[in-house]
Novice: 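Mind having a look at this structure? Questions to follow.
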Amino acid sequence: MRHKIIAGNWKMHKNAEQTEDLLNDLIDKLPPDVQVEIIVAPTFVNLASAVDHLEFTNIDVAAQNMHQAESGAFTGEISAEMLKSIGVNTVILGHSERRAYFHENDALLASKVNSALEHELRVIFCFGEELKDRQAKQHFSIVENQLHDGLFHLDAKDWGNIVLAYEPVWAIGTGETATPEQAQEMHAFIRETIRSKYGSDVAEGVTILYGGSVKPDNAKEIFSKPDVDGGLIGGAALNAADFAAIVSAV
Ligand code: 13P
């Protein structure tokens with residue numbers, strides 16, 4: 001069901017010791033008793049230790065990616081079942097860095113989503129337009145196509161395990177965040193697009209996160225918008241005080 005989430009995508013940062021240090025720092029600094037789900041996504045090699053480390057906390061662990069096949073000759077890859085086997089219950093799919101640098105297209109992502117859901121992994125599905133799309137005023141159609149091609153093959157019942165993360169590519173790691181109005185406008189469009197395909201129950205039930213240069217000083221304004229249910233945080237998730245401030249802002 002729709003609820004507030006703040007998720008930290010650590011990308012390719014933090015070795016084993018640094019992961020432990022940051023987790024300890026987060027446990028110290030995160031506000032207790034918050035009405036928001038908190039998720040961190042360390043690298044693959046540190047997932048199992050993070051799950052152990054966070055066992056008695058209110059912080060969940062997500063993976064940043066997975067392969068779509070059950071198992072097989074796919075050197076270097078990790079399956080949904082493997083993630084489940086170490087206690088990971090959520091996976092980020094479709095991040096713009098996966099799309100851009102690893103050539104993940106919508107058809108591939110649709111098969112990853114299927115595999116994740118078959119293994120009862122919740123999916124944080126990322127999508128968003130590039131700067132050139134926005135400049136050409138095609139951002140709505142790009143986003144609509146990403147939703148259509150990546151997720152609209154699902155049944156309504158599958159949406160209970162889908163969280164959306166709208167991340168305009170031009171705002172990721174650039175320090176240039178979408179304005180709260182731009183975020184709200186797009187989130188409302190996303191919810192409306194889902195409503196027209198699946199109806200109001202699914203549309204009102206889905207959690208839609210915003211990602212792209214969310215920092216302690218801009219978080220509150222972005223999160224105050226009615227269709228923004230939280231954030232997917234990159235750089236600021238690597239600093240416990242900043243991440244805690246963002247959690248407090250939602
Ligand atoms: P930044 O917060 O560093 O812009 O990254 C956002 C992001 O890509 C989260 O997945």
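The chain is numbered in sequence order, starting from 1. Only a predicted model underlies this, so the values are computations on that prediction, with no experimental measurement involved. We count ligands from 1, going down the list as the structure has it; atoms in each ligand are counted the same way.
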Novice: Under 6.0 Å from the NE2 atom of H153, do we count more than 12 heavy atoms belonging to anything else shown?
Specialist: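 More than 12 heavy atoms, drawn from other residues, nucleotides or ligands, come within 6.0 Å of this atom.
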Novice: Has the side chain of T90 got a donor or acceptor atom that lies under 3.5 Å from a matching backbone atom of A62?
Specialist: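 Between the backbone of A62 and the side chain of T90 there is no qualifying donor-acceptor contact (under 3.5 Å).
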Novice: Nearest protein heavy-atom contact for atom 2 (O) of ligand 1: which residue, which atom, what distance?
Specialist: G234 N, 2.9 Å
Novice: Will you find, in the side chains of W10 and Q64, an N or O donor that is under 3.5 Å from an N or O acceptor?
Specialist: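 No pair is found: no donor N or O on one side chain lies under 3.5 Å from an acceptor on the other.
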Novice: Please check if the side chain of R98 supplies one atom and the backbone of I92 the other of a donor-acceptor pair under 3.5 Å.
Specialist: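 No.
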Novice: Report the part of S96 in contact with ligand 1, treating N, CA, C, O as backbone and CB onward as side chain, heavy atoms under 4.0 Å; options are side chain, backbone, both, neither.
Specialist: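 No part of S96 comes within reach of ligand 1.
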Novice: Please identify which atoms of ligand 1 are closer than 4.0 Å to at least one heavy atom of G212.
Specialist: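 Listed by number with element: 4 (O), 6 (C).
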Novice: For S213, is the nearest heavy atom under 4.0 Å from an atom of ligand 1?
Specialist: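 Judged by the 4.0 Å heavy-atom criterion, S213 does count as contacting ligand 1.
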Novice: Indicate yes or no for a side-chain donor-acceptor contact from H119 to the backbone of L121 under 3.5 Å, with no hydrogens or angles considered.
Specialist: no
Novice: Report yes if E97 has an N/O atom closer than 3.5 Å to an N/O atom of ligand 1; otherwise report no.
Specialist: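 Not met; the criterion fails.
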Novice: Under 3.5 Å, side-chain donor or acceptor atoms of residues 158-165 against the rest of the protein: list the pairs with distances, not counting sequence neighbours.
Specialist:
| from | atom 1 | to | atom 2 | distance (Å) |
| --- | --- | --- | --- | --- |
| D158 | OD2 | D155 | N | 2.9 |
| W159 | NE1 | Y198 | OH | 3.4 |

Novice: Would you say K215 touches ligand 1, if touching means a heavy atom closer than 4.0 Å?
Specialist: no
Novice: Taking R191 for the side chain and V206 for the main chain, is one N or O donor matched with an acceptor at less than 3.5 Å?
Specialist: yes
Novice: Hey, is the main chain of S71 close enough, under 3.5 Å, to the side chain of S79 for a donor-acceptor pair?
Specialist: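 It does not hold such a pair.
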Novice: Could you say whether the N/O atoms of T174 and ligand 1 ever approach to under 3.5 Å?
Specialist: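 T174 vs ligand 1: no N/O contact under 3.5 Å.
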Novice: Looking only at heavy atoms, is any part of I172 under 4.0 Å from ligand 1, and if so is it the side chain, the backbone, or both, or is it neither?
Specialist: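 For I172, the contact with ligand 1 is made by both the backbone and the side chain.
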Novice: Just which atoms of ligand 1 are under 4.0 Å from any heavy atom in G235?
Specialist: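 Taking each heavy atom of G235 in turn, ligand 1 has 1 (P), 2 (O), 3 (O) under 4.0 Å.
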Novice: Is ligand 1 less than 4.0 angstrom away from at least one heavy atom of A236?
Specialist: no
Novice: Is there a nitrogen or oxygen of G173 sitting under 3.5 Å from a nitrogen or oxygen of ligand 1?
Specialist: yes
Novice: Is it true that, when you exclude E221 itself, more than 12 heavy atoms of the residues, nucleotides or ligands shown sit nearer than 6.0 Å to its CD?
Specialist: no
Novice: Which atoms of ligand 1 are found less than 4.0 Å from any heavy atom of A171?
Specialist: 4 (O)
Novice: Which residue and atom name correspond to the protein heavy atom nearest atom 7 (C) of ligand 1, and how close is it?
Specialist: E167 OE2, 3.2 Å
